[in-house]
Amino acid sequence: MLEMRPSCETCDTDLPADETGAMICSFECTFCKACVRDVHKGECPNCGGGFSPRPRRKGEALEKYPASTERVFKGKPE
């Protein structure tokens, strides 16, 4: 089951589980669309993989299986 991490690892923007806008790699590294496009150029800085849109989790499923609250923030690469 996806962790549904709550924020972008690069800019710390909130990425709610019940909304679109989050992008993930196969290891669930999580970024906003803008950072994937503008900062990382479509390649995960952690594993080198590509990205896919993270599916939403809504309603009863989100209540039964809540999203992670642990923020992973690494900032912009130097």
Are the side chains of Pro16 and Pro6 in touch, meaning some heavy atoms are under 4.5 Å apart? no
Partner set under side-chain contact (heavy atoms from CB on, under 4.5 Å) for Lys76, not counting sequence neighbours: Thr10, Val39
Euclidean distance, Arg57 CZ relative to Glu19 CD, rounded to 0.5 Å: 14.5 Å
Is there side-chain contact between Glu9 and Cys29, with at least one heavy-atom pair below 4.5 Å? yes
Locate the shortest heavy-atom distance separating Ala17 from Leu62; write the atom from each residue and the value. CB-CD1, 3.9 Å
Backbone N/O of Asp12 and side chain of Arg71: donor-acceptor pair under 3.5 Å: yes
Quick one: are Thr30 and Met23 in side-chain contact, heavy atoms under 4.5 Å? no
State, to 0.1 Å, how close Pro45 and Phe51 come at their nearest heavy-atom pair, and which atoms those are. CD-CZ, 4.4 Å
For Glu28, all residues meeting side-chain contact (heavy atoms from CB on, under 4.5 Å), sequence neighbours excluded: Leu2, Glu3, Arg5
On a heavy-atom basis, which atom in Lys58 and which in Asp18 lie closest, and how many Å separate them? CG-CB, 4.0 Å
Are there more than 12 heavy atoms of other residues, nucleotides or ligands under 6.0 Å from atom CZ of Phe27? no
If I compare all heavy atoms of Cys8 with all of Leu15, which pair ends up nearest, and what's the gap? N-CD1, 3.5 Å
So Cys35 and His40, do their side chains get closer than 4.5 Å, heavy atoms only? yes
Where is the tightest heavy-atom contact between Cys44 and Phe31, given as atom of each residue plus distance? SG-CE1, 4.2 Å
For Cys25, does its backbone N or O pair with a side-chain atom of Arg54 as donor and acceptor, under 3.5 Å? no
